[in-house]
> 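Take a look at the following structure, please.
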Amino acid sequence: MAAVSIFDVSVESLDGTPFDLAALRGRAVLVVNVASACGLTPQYEALEQVSRKYRDRGLTVVGVPCNQFGEQEPGTPEEIATFCSSSYDVTFPMTEKVDVNGPRRHPLYLQLTPKEDVAGEAGDVEWNFEKFLVAPDGEVVARFRPTTLPDSDEVVGAIEGVLPSR
Amino acid sequence: MTDDGWVSSTAADVQAGDLLRLGTGNELTVTRVKPSFLGVDDLICFVEDTDDRWLAQAMWVTTEVEIRR
């Protein structure tokens, strides 16, 4: 059966175990393709802050390692995990390393990339640290390009607009 | 030009269709050029978007590269 939202997609966690996206149904999800050796890598700090601030209110940040941009995520899963925890104390979940563009685009990104950004452009992910906000019902509601910071008013405002009601 | 057709140049001179050799020795077949990348005037991005793979490389326009066309 074709996936109808990200909650129907199969993906592995960084440690190789199944990542249960279906378990996130009913939560808001911020999906971010990440890399360890990019000029934007310090965004991990704000991503972690956003994750800690909103996780109890129904947001899950999901990091998706990708090596398609400047080959800036070349490491093994163990190396990526160690970097994230030791450099940025990352606690939000991470998927396996995937392609987000091109002929081997992961099904997760087949669901995300049709979403237009604020300029009306959809399609390929531009670079590391592009952010997609998914509502609790699975609708992709916003797309933020890499230079839009995770704790910017735009991103935070959009997150607060889709948090599940308590 | 070297015997094998590589020419030293800067990133600003790279065009779609060029084969680009990076400092790592890896090669990129440029199918798209994106100037003023990420809103930075002097940053340029080259994309290989083929049936085989998708890969992007960003660099300053003054970066020395080797190209073959």
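A, B, ... follow the sequence lines: proteins, then strands. Residue 1 opens every chain.
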> To the nearest 0.5 Å, what is the distance between CG on B:Leu55 and CG on A:Asn101?
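Result: 10.5 Å between the selected atoms.
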
> Apply side-chain contact (heavy atoms from CB on, under 4.5 Å) to the pair A:Glu71 and B:Gln57, showing each step before the final yes or no.
CA-CA 8 Å; A:Glu71 299 179 292; B:Gln57 285 284 351; 3.5 Å; yes

> Say whether B:Leu38 and A:Phe129 are linked into one hydrophobic cluster, either directly or through other cluster members, by side-chain heavy-atom distances under 4.5 angstrom.
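Linked, B:Leu38 and A:Phe129 end up in one cluster.
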
> If you take all heavy atoms of B:Cys45 and A:Trp127, which pair is closest and at what distance?
SG-CZ3, 4.2 Å

> Report yes or no: do B:Val14 and B:Phe37 belong to one cluster of Ile/Leu/Val/Met/Phe/Trp/Tyr joined by side chain heavy-atom distances under 4.5 Å?
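The answer is no; the residues belong to distinct hydrophobic clusters.
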
> Decide salt bridge (charged side-chain N to carboxylate O under 4.0 Å, His left out) for B:Lys34 and A:Asp124; before the verdict, give the C-alpha distance in whole Å, the side-chain angles of both, and the deciding distance to 0.1 Å.
CA-CA 13 Å; B:Lys34 302 171 79 172; A:Asp124 287 344; over 6 Å; no

> Do B:Leu43 and B:Leu20 belong to the same hydrophobic cluster, where Ile, Leu, Val, Met, Phe, Trp and Tyr are linked whenever their side-chain heavy atoms lie under 4.5 Å apart, directly or via other members?
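No, no single cluster joins them.
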
> Against chain A, label B:Phe46 side chain, backbone, both or neither, depending on which of its atoms sit under 4.5 Å from a heavy atom there.
neither

> So, do A:Thr147 and B:Val40 sit near enough that their side-chain heavy atoms are less than 4.5 Å apart?
no

> Heavy-atom distances under 4.5 Å only: say whether B:Asp51 touches chain A with side chain, backbone, both or neither.
backbone

> Please identify, among B:Leu28, B:Asn26, B:Thr50, B:Val47, the residue contributing the most non-hydrogen atom pairs under 4.5 Å to chain A.
B:Asn26

> Does A:Val156 share a hydrophobic cluster with A:Val29, counting links as ILVMFWY side-chain heavy atoms below 4.5 Å and allowing steps through other members?
yes

> Begin with the C-alpha distance, continue with both residues' side-chain angles, and end with the deciding distance and a verdict on side-chain contact (heavy atoms from CB on, under 4.5 Å) for A:Arg104 and B:Trp54.
CA-CA 8 Å; A:Arg104 286 178 289 281; B:Trp54 194 105; over 6 Å; no

> Taking atom CD as the centre, does A:Glu45 end up with more than 12 heavy-atom neighbours from other residues, nucleotides or ligands that are less than 6.0 angstrom away?
no

> Side-chain heavy atoms nearer than 4.5 Å, only ILVMFWY residues, links allowed to pass through others: does that put B:Trp60 and A:Phe69 together?
yes

